[in-house]
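All ligand and atom numbering here is 1-based and tracks the order in the structure.
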Amino acid sequence: MFSKILIANRGEIAVRIIRACRELGIRTVAVFSEADRDSLHVRLADEAICIGTAQSAKSYLNIPALISAAEIADVEAIHPGYGFLAENAHFAEICTSCHIKFIGPTADNIRLMGDKMVARTTMQKLGLPIVPGSQGAVKTKDEAIRVAQKIGYPVIIKAAAGGGGKGMRICHNDITLASNFMTAQAEAEANFGKPDVYIERYIAKPRHIEIQILADQYGHVVYLGERDCSIQRRHQKLLEEAPSPVVDAKLRRKIGELAVKACKAVGYQNVGTIEFLLDSQGNFYFMEMNTRIQVEHPVTEMVTGIDLIKEQIRMASGERLNIRQEDIKIHGASIECRINAEDFEKNFLPSPGKIETLILPGGPGVRVDTHIYQGYQVPPYYDSMVAKLISYGQTRQEAIRIMQRALSEFIIGPIKTTIPFHQKLLEHPRFIKADVSTHFVQEMLEGSIEQQS
Ligand code: MV4
């Protein structure tokens, strides 16, 4: 096991990783930007090193500064958290060449899954169902139209180097496809440095389901069930839950076993998440694989009892995964609400500033993962998420009631947060019935929800 690691991140995930390290008896080194001097991760770590100015490019994305800090503090490993450099194959490679263990998948794993088009064809070969679409990149407008006519409209153009919903365009006919195609290529080039785009049939109103994977360095791979992440706005997830209310034991096993098989075939290591779309007829399709620990990992921890961060660190240190698939049981239900410093009344406008009043919820079935405290200044430079409120109950209904109760206890002021949004969401009949898709939040906010019996 490692004796000292550096956490190349900030906010709640840095705090979460420090907590896991302390429980494992590992010393921690925090890094921070000038804007994060007073952040909780800096206080909780054994050591802390300032790596640059507020702007992420000058601090949390600054590879030379991070490697220098790791060398000065003499750490054996770096945990990247999520975001920033977590899915940067180049960074993983640099760590390796400096004899610092990158706590995550191999650089090759990251590179393979980073190209969403290559990931799609790879997963298809390994037996995962994919949405009908192009074989590899579509180079010209005419080819795009041929593919679309073959698979049928509507279609979606995606950037190979995109992901997470970035650089996607939906087209309903030859005309809109023809007028969007070149722009999509140009945008892909401008945003991701690569013009490659591919085409899939567009699945209307799907649910977003993702499978959590654990894989050690010796080819032992298990799945920890799924999360349902359909509650999102503009590709930002707002609430996640486990298990999915629409996935039964049979479907869970089917998707889980396929995911494990694919991970074994590509020599995947550490934690990973395989995203699927589930359509209204119950068909599922591989979308992309995320090669990092995800924001919503706690809901999986709550229903499996497995500490994903500790497992990540243990596996990276070379330990064997001592969990067998047959030992993994899904117990109860868990929900996570992302509490963002945003004004829900003003179209989710960021609301940074000093937290004067803070009362955190607690009690049975409540977990709060956060870096905020009374007197903390939420800086304007980074992601607006200030806390994750997680509930756990024996049933989904109980998890909802606990979440409603916890939200009613939660006070943050004077900055605005997404707490009022979550209160509205958790009382919505469609959410309670689990009758939602990835379009639900938009429909709820537009107030254009068809009444159903
Ligand atoms: C799709 C899709 C429908 N059909 N692909 C978005 C995130 C990325 N992982 C994949 N995403 C989607 N891919 C096909 N073939 C729907 C989404 C999608 C979405 C699309 C438009 C607007 C909002 C969305 C929210 C979630 C998923």
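Here the closest non-hydrogen pair linking P361 and V368 is O-CG2, 3.8 Å.
Ion pairing of D369 with R367 is present here, as a side-chain N (NZ or NE/NH1/NH2) and a carboxylate O approach within less than 4.0 Å. A salt bridge links D115 with K194: at least one charged nitrogen is closer than 4.0 Å to a carboxylate oxygen. Salt bridge annotation for K416-E345: absent, with no cationic side-chain nitrogen under 4.0 angstrom from a carboxylate oxygen. A salt bridge is absent between R207 and D279: the closest approach of a Lys/Arg side-chain nitrogen to an acidic carboxylate oxygen does not fall below 4.0 angstrom.
By the criterion of a heavy-atom distance under 4.0 Å, the side chain of Q232, and not its backbone, is placed next to ligand 1. Residue contacts with ligand 1, taken as heavy atom pairs separated by less than 4.0 Å, involve M168 solely via side-chain atoms from C-beta onward. Here I203 has heavy atoms under 4.0 Å from ligand 1 in both its backbone and its side chain.
Remark: distances from the non-hydrogen atoms of H439 to ligand 1 are all 4.0 Å or more. Put simply, part of H235 is less than 4.0 Å from ligand 1, judged by heavy atoms. At least one heavy atom of K158 sits closer than 4.0 Å to an atom of ligand 1.
Heavy-atom proximity to T438, at under 4.0 Å, picks out these atoms of ligand 1: 25 (C), 26 (C). Annotation for ligand 1: atoms under 4.0 Å from non-hydrogen atoms of R201 are 4 (N), 14 (C), 15 (N). Counting atoms of ligand 1 from 1 in the listed order, those under 4.0 Å from a heavy atom of M287 are 1 (C), 5 (N), 10 (C), 13 (N).
In this structure, F32 has its ring center no closer than 6.0 Å to that of Y60. Ring to ring, H422 and F344 are not that close: their centroids are 6.0 angstrom or more apart.
Nearest to atom 9 (N) of ligand 1 among the protein's heavy atoms is E275 OE1, 2.7 Å. At the top of the distance list for atom 8 (C) of ligand 1, counting protein heavy atoms only, stands E288 OE1, 3.6 Å. When only non-hydrogen protein atoms are considered, atom 7 (C) of ligand 1 lies nearest to G165 N, 3.4 Å. Looking only at protein heavy atoms, the nearest one to atom 2 (C) of ligand 1 is L277 CD1, 3.4 Å.
For R292 and F102, the positive end is not near the middle of the six-membered ring at less than 6.0 Å and at most 45° from its axis.
Note: an N/O pair closer than 3.5 Å links E200 and ligand 1 by distance alone.
When E296, E301, E336 are each tested for a side-chain contact (heavy atoms from CB on, under 4.5 Å) with I390, only one passes: E336.
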